[in-house]
Structure formats: C-alpha cells, structure tokens
Peer 1: 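Just passing along the structure, written as structure tokens.
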Amino acid sequence: MNQGNYATTIDQLEELTAEEKAELGRVVDQYYFYASDYYLSLINWDDPDDPIRRVIIPDLDELQEWGALDASDEEKYTVMPGLQHKYASTALLLVSSSCGGICRYCFRKRIFLRDKMEVIQDIPAAMAYIRKHREITNVLLTGGDALKLPTARLGEFISHLREIDHVNVIRLGTKMLSYDVHRVLNDPELPEMIRSYSTDEKKIYFMCHFSHPRELTKLAIKAINILMDARAILLNQTPLVRGVNDNPRVLAQLLNKLSFVGVRPYYVFQCRPVVGNRPYSVPVEEAYEIIERAKSMVSGLGKAIRYAMSHSTGKIEIAGKTDSHVYFKYHRAAKREDSGRFVVARSNPHAYWFDDYQELVEDHKLTDIPEC
C-alpha cells in the first residue's frame, strides 16, 4: 500500500510565513496537526479564507476556553476499552487511533492525547460481547479512521464480525477518501477484501466524510467507484462547519455532487461542543436555516439528509423551527423510553447544543415502544 506523504508539523508548510508558523505553533502545542500532501494540494493558499485550509490548518481561536473533551459522554457508554454500546442495535468499535488528517473541528480529540488512548485492546472480549448481545445488528468500525488500518488488519475485524450471525451491517467510518485517496487507489487488496465480505444479504457500508464539494476530486470519485464496484454502499455525513460549508449554496453543491456520484447524503451534524471547536461551530437555529435553504436547491436525493446532534441521551434531530420555537425529535435514543421523543423548546438563537435550551414547552414520549 503506497499512501502519500504527510506533514506532521506546521514548520513543514512552506506556504506559511515564519510569523504564522510561530503563532499557530501555540495551537499545535495543544491540539495535534496532521495532513497529507494530497489534501494540502487542494488548498488555495492565496485565499486566507479557503475552506479546505479551514478544515485542516489550525486557527488561533481554537485556544478559546469552550466545551468539553467528551461532549457526548461517550465514556458513559463504553463497556470496555474501544467498545461502545449506546443504541441497542449498534455497537461501535474504536479500531484506530490515527486519521488521514486531523480535522480542526474533531469531536474525538481526546483519543489523540497520549494519555487518553481508547482504542480496542481485547478483540476476543469485544467479539464475545457482540456475540452475546443478539440485539446488535450493526457494528461501526471507526476511531480515528478505520482505513488507517492495513487491509489485512481491517480484514481481521471484518472476518470476526462476519462469523457472528446476527451482525448484518458492518460500517467503516472514514475520511480517507477526502484526506488521502491513495489509500484506496494504490491498494488492490482493499476492494478484493470488501468484495468478499459485502454479500447479497449483508452489506459493508462506508460512512464517508466529505465536508466541501472541492474534496470530491476526480481521484476521489475514482476511489468511490472502486469501492462501489466492490459492492460497498457509500453514505456521507459531515458536521456543519463555520467557514467550510455554512453557506447554503456551498452545502447544496456538496449534496448535489454527492448524489451525482452515487454517495447518498445521510447526516449533517451539529458540530459538537468539544474543546477547541468554538470557531467552527454554528448556532443550532442558524444552522437549521442554512440547511433548509440548501435543501431547497437540491433534488430529493440531497433532501434525504437529517440534521441531527449526537447528544449524550441520543441522536436528536432538529426537525423544525418557527420564530418562537424549535422542534426536536429523538431519531435514536440511549434509553428505550426516549425513542421517538418529541420536544418543543423556546427559541434561543445563541444555543449551540440541546442543553442550551432551558425552556422546554412540550415534551412528548411515545409509549409501548417495541424492542428492535
């Protein structure tokens, strides 16, 4: 496998001035920087507001005091190192502690800290847990980035899961198709492995992370087609990020281009209130309006996205708003009794997270929710 070269320090970026490097070094001292030559080549360095630059190059505003390391309380749902079980039908395996690049708005920054390693340690124990819990039909391999694993190692995880009869869907969380397409283009063993495990009745899904239409280069589209030819299904999810895709026309272009190349737009997430993320976050109600304007410019395929936040209590969809109220619905819930819960809150234009809505006007829970 021949991946591209990577920059691991700001000093390697010849496009930055000595003053910029010194200033951004303060950010890198706290939050890692990592970027492939491929992704850096997509930046228009003459534009200080370039959205690709915004994704990967540190910003001094990251040093603002704001947020928490684990804003969605993932530790609460961790049953053993590297295995989370929050929703009944889904288990999450942190299989990698590295990525093809460090998103400046990363919601799992904590796993890159040397004393906060959370990747899976005991694979047999994790598989035994999944085997025991027959309600688990979906397993997400993520991290970090699942495609940072060598294909043979990734294949071991998938092979183990395919031996568990009630696991029907295996999902791979990755931004490598944006960050370093050579991971796919230069590794013929990867599509061969995917093809062998993505069967007629049990598919392998790639949960892609394209945040801006310029990431969908000709090389990225070639990699997409390699994976689709290997019988994988590709979906896309991205947070709404200030300065990257918070323009309705840009977001519409992304949704359209994804649907054109056969990658289904799946989620647009509210940026999690994680430390360092303040400059990249958009208030909930502003984000809702941006997303709705973007949806008005696209076909039904692009409109299929859900705008949601991964809250501690569940995946909460922002279902609508008026001038005075915001409407939330639990798309997925950690507690069975919250499934389908519908919440009406008074408008708060300064809210970045569900917890910022203090005035709940109505709160409805469904009864007799069946097990699934």
Side-chain angles (χ1 to χ4, degrees), residues 42-44 47-57 59 61 103-107 175 177-178 207-217 220-221 224 234-273 277-311 315-329 331 345 347-354 356-357:
L42 303 183
I43 296 174
N44 175 7
D47 179 5
D49 298 320
D50 181 75
I52 305 300
R53 173 176 179 153
R54 181 82 171 152
V55 170
I56 201 73
I57 303 299
D59 188 302
D61 285 341
C103 302
R104 304 319 306 171
Y105 49 84
C106 177
F107 69 85
K175 193 173 169 63
L177 276 71
S178 299
M207 315 308 293
C208 303
H209 180 175
F210 291 103
S211 298
H212 191 276
R214 274 174 41 205
E215 294 177 336
L216 282 155
T217 64
I221 294 169
I224 286 168
L234 278 64
L235 306 177
N236 192 75
Q237 49 194 32
T238 178
L240 194 76
V241 182
R242 180 70 79 195
V244 176
N245 54 21
D246 62 330
N247 178 297
R249 290 194 177 277
V250 171
L251 184 58
Q253 289 170 8
L254 174 64
L255 299 176
N256 270 330
K257 198 166 184 178
L258 286 165
S259 62
F260 296 162
V261 301
V263 179
R264 179 187 170 186
Y266 184 47
Y267 278 117
V268 173
F269 283 115
Q270 178 65 9
C271 193
R272 296 193 203 185
N277 280 7
R278 178 63 182 84
Y280 306 104
S281 298
V282 180
V284 170
E285 294 169 46
E286 180 186 349
Y288 176 83
E289 293 184 356
I290 291 168
I291 292 167
E292 287 303 306
R293 290 193 188 103
K295 286 167 65 177
S296 72
M297 305 177 198
V298 301
S299 70
L301 291 171
K303 294 181 194 294
I305 55 167
R306 292 180 185 269
Y307 171 37
M309 65 177 75
S310 292
H311 188 259
K315 195 163 280 151
I316 303 175
E317 182 177 358
I318 298 87
K321 71 175 288 291
T322 64
D323 290 341
S324 57
H325 295 88
V326 183
Y327 302 87
F328 300 97
K329 182 180 179 181
H331 183 53
S347 172
N348 177 4
H350 304 293
Y352 285 87
W353 205 237
F354 186 65
D356 296 331
Y357 288 93

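All heavy atoms count here, side chains included; hydrogens, waters and symmetry mates do not.
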Peer 1: If you measure from NZ on K295 to CD1 on I305, what distance do you get to the nearest 0.5 Å?
Peer 2: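 It comes to 5.5 Å.
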Peer 1: With S299, which residues qualify under side chain to side chain contact (heavy atoms under 4.5 Å, CB included), at least two apart?
Peer 2: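 L301.
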Peer 1: Are more than 12 heavy atoms, taken from residues, nucleotides or ligands other than K329, located less than 6.0 Å from that residue's NZ atom?
Peer 2: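 Result for NZ/K329: open.
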Peer 1: Do the side chains of Y352 and P273 get nearer than 4.5 Å, heavy atoms only?
Peer 2: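 Side-chain contact under 4.5 Å: no.
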Peer 1: Please tabulate, for the side chains in residues 254-265, all donor-acceptor contacts under 3.5 angstrom to protein atoms that are two or more places apart in sequence or on a different chain.
Peer 2:
| residue | atom | partner | partner atom | Å |
| --- | --- | --- | --- | --- |
| K257 | NZ | L216 | O | 3.1 |
| S259 | OG | L255 | O | 3.3 |
| S259 | OG | N256 | O | 2.7 |

Peer 1: Does the side chain of E289 come within less than 4.5 Å of K321's, by heavy atoms?
Peer 2: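 When only atoms from C-beta onward are counted, E289 and K321 do touch, with a gap below 4.5 Å.
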Peer 1: Does E215 reach the side chain of K175, with side-chain heavy atoms less than 4.5 Å apart?
Peer 2: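 Yes, at least one pair of side-chain atoms sits under 4.5 Å.
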Peer 1: Over 60° means perpendicular and under 30° means parallel, so tell me whether Y357 and F328 are parallel, tilted or perpendicular.
Peer 2: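 The arrangement is perpendicular - the two ring planes meet at more than 60°.
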Peer 1: Look at the side chain of N236 and the backbone N and O of F210, then say whether any donor-acceptor pair between them is shorter than 3.5 Å.
Peer 2: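 Such a contact is found between N236 side chain and F210 backbone.
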Peer 1: Determine the minimum heavy-atom distance between T238 and S211, stating which atoms define it.
Peer 2: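 It is OG1-OG, 3.0 Å.
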Peer 1: For the residue pair Y307 and Y288, categorise the inter-ring angle as parallel (less than 30°), tilted (30 to 60°) or perpendicular (more than 60°).
Peer 2: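 Correct class here is tilted.
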Peer 1: Going by salt bridge (Lys or Arg N to Asp or Glu O under 4.0 Å), R54 matches just one of D59, D61, D49. Which one?
Peer 2: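 Running salt bridge (Lys or Arg N to Asp or Glu O under 4.0 Å) over D59, D61, D49 with R54 returns exactly one hit, D59.
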Peer 1: For the side chain of Q270 and the backbone of V282, is there at least one donor-acceptor N/O pair under 3.5 Å apart?
Peer 2: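 Checked: pair present.
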Peer 1: Does any part of the side chain of V268, heavy atoms only, come nearer than 4.5 Å to the side chain of N245, both counted from C-beta?
Peer 2: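 The answer is no, as the side chains (C-beta and beyond) never meet within the 4.5 Å cut-off.
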Peer 1: Rounded to the nearest 0.5 Å, what separates atom OH in Y266 from atom CE in M207?
Peer 2: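 Answer rounded to 0.5 Å: 5.0 Å.
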